[in-house]
Amino acid sequence: MAAVSSHAGMLSGSYRVGMDIKLDGISHHYGHTEVLRNISLDIPAGQIVCLVGPSGCGKSTLLRLIGGLERPGNGRVLQVGAPPADSLNPLTFVFQDFALLPWRSVKGNVSLVLEDHGIRGKRSKAIIDDVLNRTKLADFADALPKQLSGGMKQRVAIARALAVNPAVMLMDEPLSALDAQTRELLMDDLVALWTRQPFTAVYVTHNLAEAVRLGHTIVVLSRRPGRIREIISIDTPISERRAGDPVCQRKHDLLWELMREEARAADEELIDG
Amino acid sequence: MADTGAGKKRDGDGPIEVRFRGGGFAPRSLRWVGVAVFVVLIAMVQWGTESGWISALTLPKPTDVLATFRELWESGLLFKHLQPSLTRLVIGAALGASTGIAIGVLIGLFSYARAGLVPLVAAIFPIPKIALLPLFVIWFGIDEGSKYALIAFGTFTPTVVATYGAVDNVDRSLIRMGQSFGLSWSSIVRKIVLPGAMPGILSGLRISLAIAIILLVAAEMLGAEYGIGAYILEAGSLYDLERLFAGVVILSLLGVLVSALIGFLEKRLLGWRI
Ligand SMILES: Nc1ncnc2c1ncn2[C@@H]1O[C@H](COP(=O)(O)OP(=O)(O)OP(=O)(O)O)[C@@H](O)[C@H]1O
Ligand SMILES: [Mg+2]
């Protein structure tokens, strides 16, 4: 049981200094299309950094670069500090389309990412039970993805990410495939998860309400080629943010102004061809 | 009546029920329809042959075919023919399908395998394998070896093509997910690529196994003492339509059996599909 208690200890115990991510002059091209230009950014441990920007500005690309799924054309992605020793997969994605294996049950989808680390049997069961409890899926452990609603599928994906004890979660529009109510509920869930155990996250979204609700820092990217247009930080602790909170509302309006200019410019570019 | 409301004359302001147009495109399992088609066809032939509307030289009476079939069963000759045929089919098809799946997966996964083997497969696919039987006889011997080879070779090519197509169709985002969680290459292949390709592989097997039955008969016609093909050839050369048809019925039953087997596998393995 030692491994399990260390896993659980990480969840409930005090937060330790984790791993920062540092982006150093990242640029990227696809063929002749310049997608990202000279992005430098610090992602401090224990904070949620939201990335917002117009469609096609390279947010998903940047996230893939951070997670090592693609190589940047220029610049480097640096890990500063060591990830926690019990982190099985320091950089862990939560995808917009959930990316669950349809032929595996909820339990099976979580155990998929443990099997390769030699975690089987009792240890695996303890971790799976823990993450399914935290994402309120305990009753659906044996269901197949086709039997679940969109919100539940995304909770499975979040449970799977939590199971490997990530140092940094890379979330690409995790809630955008869901309806507004489910989105609200899942945002509450994420806030609760973070409050219980602060995690580091890069959270891509085009929904400004999500950004001001979850982000410690919000990075606004310009239209393609994506550059950092503005970095906004919100000091209100995320557990205390409420809808209609004046500080959040002001940040929201500020973001909206910035985004509107970019979106309009991006639209006109498309019309011009 | 296609009445969307717009085209139909309205009686006053009465509401019009919206026309349902969402049906179809969702096959259900209606087993009895297939049976009914067979029954109706056979009944028609029976009626035709009895009334003389179909001459005895055109088609045999279904009841006579059945009698021949019973005779075959009772004399034990049926199993004498069926046993070697089934052995050839199982060994040949298993060889061909398993190498086909293995090579197909390799083509799906490795660029060099794809570049080197796809043209080769395209080159051997259209060759009527039966034309190569003399060659197989030289290579693998006049008896069972050449028959296994022929069936295996004939099953191999369609299985390869179906398998690499199925591997190509595996959702890339699932593979990306596997990589993002640091799964090993072999885990990704075993736990993501193969299950994801399974629907395509199984539907490819349906075709390959039907081809295997065709080749089995062809091989047996060209040289076998016992086997369904030999039986049909003998009946045909004596113009014994009843026995010919009894043989054909066995082949059809074999086809239905194989298809049912794949259907069973699909139910077991692909229950996760929506
Ligand atoms: N694999 C690829 N090959 C070629 N071009 C690509 C590739 N992936 C993305 N692009 C292009 O790069 C640009 C940025 O794409 P990306 O998906 O990163 O944008 P995004 O900001 O995530 O957009 P969205 O808000 O729509 O998700 C787009 O113009 C896209 O067409
Ligand atoms: Mg995107």
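Chain A is the first sequence line, chain B the second, and so forth, proteins listed ahead of strands; every chain is numbered from 1. Heavy-atom basis, side chains included; hydrogens, waters and symmetry copies ignored.
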Subject >> Pairwise side-chain contact, B:W272 with A:R104, heavy-atom cut-off 4.5 Å (strictly under) >> reply: no

**OP:** Determine the option with the most heavy-atom pairs under 4.5 angstrom with chain B, choosing from A:D97, A:L112, A:L88, A:L144.
**Re:** A:L112

**OP:** Begin from the C-alpha positions of B:M177 and A:F95 and carry the test side-chain contact (heavy atoms from CB on, under 4.5 Å) through to its verdict.
**Re:** CA-CA 8 Å; B:M177 180 278 292; A:F95 298 94; 3.8 Å; yes

Subject >> Check: B:K191 side chain, A:L101 main-chain N or O, donor-acceptor pair, under 3.5 Å >> reply: no

Original post:
Who wins among A:E115, A:H117, A:R160 for the most heavy-atom pairs under 4.5 Å with chain B?
Top reply: A:R160

**OP:** Locate the shortest heavy-atom distance separating A:A99 from B:S173; write the atom from each residue and the value.
**Re:** CB-O, 4.2 Å

Original post:
Any donor and acceptor pair, going by atom type alone, linking the side chain of A:D116 with main-chain N or O of B:L183 inside 3.5 Å?
Top reply: no

Original post:
Which of residues 50-80 of chain A get closer than 4.5 angstrom to chain B, counting heavy atoms alone?
Top reply: A:R64, A:L69, A:E70

Original post:
Which atom names give the shortest non-hydrogen contact between B:F181 and A:N89, and what distance separates them?
Top reply: CA-ND2, 3.4 Å

**OP:** Would you indicate whether A:K146, at its atom NZ, is surrounded by more than 12 heavy atoms from other residues, nucleotides or ligands within a distance under 6.0 Å?
**Re:** yes

Subject >> B:F125 atom CZ, over 12 foreign heavy atoms within 6.0 Å >> reply: yes

Original post:
Nearest 0.5 Å, what's the CG-CH2 distance between B:L194 and A:W103?
Top reply: 9.5 Å

Original post:
Checking B:L270 against chain A: side chain, backbone, both or neither under 4.5 Å from a heavy atom?
Top reply: neither

Subject >> For A:P102 against B:L174, the heavy-atom pair lying closest together >> reply: CD-CD1, 4.1 Å

Original post:
Crowded around B:R268 CZ? As in, over 12 foreign heavy atoms under 6.0 Å?
Top reply: no

Can I get a per-line list of side-chain donor-acceptor pairs under 3.5 Å for residues 91-119 of chain B, giving both atom names and the distance, sequence neighbours left out?
unit_1, atom_1, unit_2, atom_2, d
B:S98, OG, B:A94, O, 2.6
B:S98, OG, B:L95, O, 3.2
B:T99, OG1, B:L95, O, 2.8
B:T99, OG1, B:G96, O, 3.2
B:R114, NE, B:I107, O, 3.3
B:R114, NH1, B:D168, OD2, 3.2
B:R114, NH2, B:I107, O, 3.3
B:R114, NH2, B:D168, OD1, 2.7

